[in-house]
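Naming convention: chains lettered A, B, ... in sequence-line order (proteins, then strands); numbering from 1 in each chain.
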Number of protein chains: 2
Amino acid sequence: MSRKEQIEETATALFKAKGYSATSMRDLANELGIEAASIYSHIKSKEEILQKVCFRMAREFFEATDAVDSPQASATERLTKAIAAHVKVMTQNTEASAVFLYEWRHLSEPYHSSFLSLRDKYEAHFRGIIRSGVESGEFKVPDVKFATMTVFSGLNWIHTWYKPEGKMTPSEIAENLTYMMLNGMKNN
Amino acid sequence: MSRKEQIEETATALFKAKGYSATSMRDLANELGIEAASIYSHIKSKEEILQKVCFRMAREFFEATDAVDSPQASATERLTKAIAAHVKVMTQNTEASAVFLYEWRHLSEPYHSSFLSLRDKYEAHFRGIIRSGVESGEFKVPDVKFATMTVFSGLNWIHTWYKPEGKMTPSEIAENLTYMMLNGMKNN
DNA sequence: TAATATACCTAACGAATGTTAGCAAATTTC
DNA sequence: GAAATTTGCTAACATTCGTTAGGTATATTA
């Protein structure tokens, strides 16, 4: 791993733990065991790190869900696979995922806008699956947009409690979340 | 509304919009139309505002859910009412809710710890309802803790998209979320 | 009307912020 | 072994930060 990658990784951990704004370059330097000014031999600015992380994660989420999508499959199957792909990316990148979810708002223009439109596009993918499920009669939801956001909320909360050493594996998490979203908690 | 309350309200809006750390006292002063130093005629410190908001919201959530709880009712009914109460508090205080959910981590000790234990206690209330539902056979969930967090994730995502002028009223939101959490998306 | 409290001001403090300049040692490449 | 690249340093910059001191005008209360 190059020094630059090391810096980005350490910064990502700090951004998750303290937030982007509350993380100073001197905090980051301290964590790396060097002086703050030395970091600038490797990166252009603090925000550059944030940009890299946000857009790399966007790409990872896109690639992962695209790879498992098959438009001719049932909506249930498509959603199940999309959820599993999302959970996999998230659990393999817990810190970067947290940055992707909460720190993007500190991006300056034009990164802020282009990040948001990427995120919208990603959400639209899920929305499309759910809508097609409703149209085919597989799903019954109060509102497609609302249902999509509820699914996302479940997905995006995972990073707050997931620990690799915990009792649920990523695929069990995906399985359980899919079960809850499809069947709910009612016993029948 | 006293000047102090006005300051807290304006600060809350900024904390939601930009985050606690990225909001300067000069930002806040500017929004109020006064000088930064003038704020200190009314408050002791920047963090005092954060403390007030976090603990006030904790109290509001507790009181709202306690008020509608009836231990002898069915788990379904108890959960339905708890969700409705939570959504009501949240939609009536969107900005303070966002601070409650994301900015509490900037509290210093001992506030940080005591906030977290309050939050845990609140979550335990929901967890208790779900557990009793599982024991009575009303609910069937993969894991009680997991189910609780999934419910919370749906609840706590609302503030990111809720707009008072939107098409869903708070009680419709509660109704729809309860439906999804109890029945899932599957049409059967 | 005198006393008190409220609300805000200017000026400034010490500390922390992101970043640049200029340089030196070590490591890698040719 | 020379050249180039990588990695780091010290010193310092301009700016912004939360906050304090000391003061004035306005509004409220006695």
Length of the CG-C1' vector between A:Asp27 and C:dT17, whole Å:
11 Å
Test of understanding: with side-chain contact (heavy atoms from CB on, under 4.5 Å), list the residues that count as partners of B:Met168, not counting sequence neighbours.
A:Asp143, A:Phe146, B:Glu172, B:Ile173, B:Asn176
From CD1 of A:Ile43 across to P of C:dG18 the rounded distance in Å is 10 Å
Would you please name every residue forming a side-chain contact (heavy atoms from CB on, under 4.5 Å) with A:Arg131, sequence neighbours left out?
A:Arg127, A:Glu135, A:Val144
Contact list for DNA chain D against residues 12-24 of chain A - heavy-atom distance below 4.0 Å:
none
Just the rounded figure in Å: distance from P of C:dT6 to CD1 of B:Ile39.
18 Å
Sort and list the pairs that fulfil salt bridge (charged side-chain N to carboxylate O under 4.0 Å, His left out) and have at least one residue in residues 80-108 of chain A, not counting sequence neighbours.
A:Glu77-A:Lys81, A:Glu103-B:Arg105, A:Arg105-B:Glu103
Does the gap between the ring centers of B:Phe15 and B:Tyr102 come in under 6.0 Å?
no
Is it true that B:Ser108 and B:Glu47 share a donor-acceptor pair across their side chains at a distance under 3.5 Å?
yes
The criterion is side-chain contact (heavy atoms from CB on, under 4.5 Å); which residues satisfy it with A:Gln72, sequence neighbours excluded?
A:Ser70
Which pairs with one or both residues in residues 8-31 of chain B pass salt bridge (charged side-chain N to carboxylate O under 4.0 Å, His left out), sequence neighbours excluded?
B:Glu8-B:Lys52, B:Lys18-B:Asp27
Separation of D:dT19 P from B:Lys46 NZ (nearest whole Å):
8 Å
Which nucleotides of nucleotides 24-30 of chain C have their base under 4.0 Å from a protein heavy atom (B), which only their sugar-phosphate (S), and which neither (-), written as one string 5' to 3'?
-------
From CG of B:Leu50 over to P of D:dG18, roughly how many Å is that when rounded to an integer?
13 Å
List for me each residue that meets salt bridge (Lys or Arg N to Asp or Glu O under 4.0 Å) alongside A:Glu60, sequence neighbours excluded, and say none if there are none.
A:Arg56
Just how far, in rounded Å, is C1' of C:dA16 from CE of B:Met25?
17 Å
Kindly say if B:Tyr40 contacts the phosphate of D:dT20, meaning a side-chain N or O under 4.0 Å from OP1 or OP2.
no
Please identify each residue that fulfils salt bridge (Lys or Arg N to Asp or Glu O under 4.0 Å) with B:Asp66, with sequence neighbours left out.
none
For nucleotides 5-14 of chain D, just jot down a letter per nucleotide in 5' to 3' order: B, S or -, based on protein non-hydrogen atoms under 4.0 Å.
--BBBBBB--
Rounded to the nearest angstrom, tell me the gap between atom CD in B:Glu47 and atom P in D:dC17.
18 Å
Tell me the salt bridge (charged side-chain N to carboxylate O under 4.0 Å, His left out) pairs involving residues 150-161 of chain B, sequence neighbours left out?
none
Using side-chain contact (heavy atoms from CB on, under 4.5 Å) as the criterion, list what pairs up with B:Asn156, not counting sequence neighbours.
A:Trp157, B:His86, B:Met90, B:Leu101, B:Phe152
Nearest whole angstrom, please: distance from the P of C:dT17 to the CG of A:Asn30.
11 Å
